[in-house]
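The model shown is predicted, which means the values in this text are computed figures rather than measured ones. Atoms within each ligand, like the ligands themselves, are counted from 1 in listed order.
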Amino acid sequence: MQKFNPEQALCEIRREFGEHGGVTPSVSRSATFTVMEPHTMPEIFEGTRSPDRGGCYLYSRHFNPTRIVLSRYLAAMEGTEFALCTASGMAAISCTLLQLCKAGDHIVSSNIVYGGTHALLRDLLPEMGVTTTFVDPADTEAFEAAIRPETRVIYTESVGNPTLRAADIPALSALARDRGIRLVVDNTFAPMILSPARLGADVVVYSMTKFISGGSDMIAGAICASKEFLNRLMDLHTGRLMLLGPTMDPRIAFDLIQRLPHLGIRMREHSRRALAVATRLKALGVKVNYPGLPDHPQHDLFSAMLNEGYGYGGILTIDCGTRERAEKLMAILQNEERFGLMAVSLGYFDTLMSCSGSSTSSEISSEEQAEMGLSPGLIRLSIGYTGGLDDRLAQIERAVKALGTTAGE
Ligand SMILES: *Cc1c(COP(=O)(O)O)cnc(C)c1O
């Protein structure tokens, strides 16, 4: 496969200028759009006129000029035909799955997925007649064994939340293709680092709330795929995105357009620092899990799949054994060392830390958590890039040593 450079791809597409030659695009906040001739409106409804056929807009839940700019940029970055922007990552995931599956259909999913996605698959979709079998994302044969005649989707995160197990996307893609099934990959943890569509995924979904935003100040999502699939999502009669309605506001689209140009720089720095922190923690004897460490079980697979130059991502986990020790370490890191903030989510410029088992993965039962290798003492750290790296390393070293001297070691 040809090497892919998402930043280069972003630079090569047509840049959108604003009114009056603005270096930024203009924000089109209008909910509805004027047509100059009465016959134009029926043509839009018939589908013979659209933003890319005659430049006609109708109504902003359908298409919006600012959102389309962001969609074009995302599609270039992912190497897909097009993209649609949604109000949240969950909107992107739920609309995609509801579009691909109807009552009686079946999904084979990684068992290491975001808590909300797990709840959607295990609790909500069965109420609509869509069932899911969960398997270890690193075990391609387990996906194959779980496929039934009614399986429509293979679902995985490129880097599983929170245990950071990677799926073999090219192998899953070959399997899906062979069986006529769609492969959907959530790439929230690894924008620019991995390009799942280039590795064979049919649909790539994002929570742009995380790294792509980078500011922890908005909720947003995206679906990157073929025009054929995205047109189905926007169909006036059955389009799940069109009719369930979780569209992105154009003001949010504008904010994200302004952040994509420095996403590459940010991802590189998140990765550089996460690797430094992981290396230091390992030297201190802490149980640390990071795909960039050679002892990570899928380090080689990860290395074979990634786009060069962006590192292995900003997320690492440490296992403190018990929830009490995890909470103690986070308290030291936040309140004594000012290393980071105890908060869910990820991809912020400051370090965020949470104890996954009792927070973002608490929808998953303790038995299932044990099965997926999620220890109750697991802290997920999203490593930020504020402050000096040497100072940050000194802070985490002091915190680990302070924890070591407290009871319960
Ligand atoms: C946060 C997250 C989501 C959900 O995204 P929202 O923007 O909060 O709806 C989905 N998948 C992963 C991997 C996430 O981290």
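Look at Arg272 and Glu269 and you find a salt bridge, because one of the NZ, NE, NH1 or NH2 atoms lies within 4.0 Å of a carboxylate O, short of that distance. A salt bridge links Arg72 and Glu16; the closest N-O separation between the charged side-chain nitrogens and carboxylate oxygens is under 4.0 Å.
Residues that satisfy the salt bridge (charged side-chain N to carboxylate O under 4.0 Å, His left out) test with Arg148, not counting sequence neighbours, are Glu150.
For atom 14 (C) of ligand 1, the closest non-hydrogen atom on the protein side is Lys210 NZ, 3.0 Å. Looking at atom 8 (O) of ligand 1, its nearest protein heavy atom turns out to be Tyr114 OH, 4.1 Å. At the shortest separation from atom 6 (P) of ligand 1 among protein heavy atoms lies Gly89 N, 3.4 Å. Scanning all protein heavy atoms for the shortest distance to atom 7 (O) of ligand 1 gives Thr209 OG1, 2.6 Å. At the top of the distance list for atom 12 (C) of ligand 1, counting protein heavy atoms only, stands Asp186 OD2, 3.4 Å.
Checked by atom type, the side-chain pair Ser366/Gln369 shows no donor-acceptor distance below 3.5 Å. For the residue pair His106 / Thr151, a side-chain donor-acceptor distance below 3.5 Å is found, with atom types taken as modelled.
Considering both main-chain and side-chain atoms, Met90 comes within under 3.5 Å of ligand 1 through a nitrogen or oxygen pair.
Under 4.0 Å from ligand 1, the heavy atoms of Glu157 that appear belong solely to its side chain. At a 4.0 Å heavy-atom cut-off, ligand 1 does not touch Val113 at all.
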Can you list, pair by pair, the side-chain donor-acceptor contacts under 3.5 Å of residues 277-285, counting residues two or more places apart and other chains?
from, atom 1, to, atom 2, distance (Å)
Thr279, OG1, Leu275, O, 2.6
Arg280, NH1, Glu397, OE1, 2.8
Lys282, NZ, Asp295, OD2, 2.7

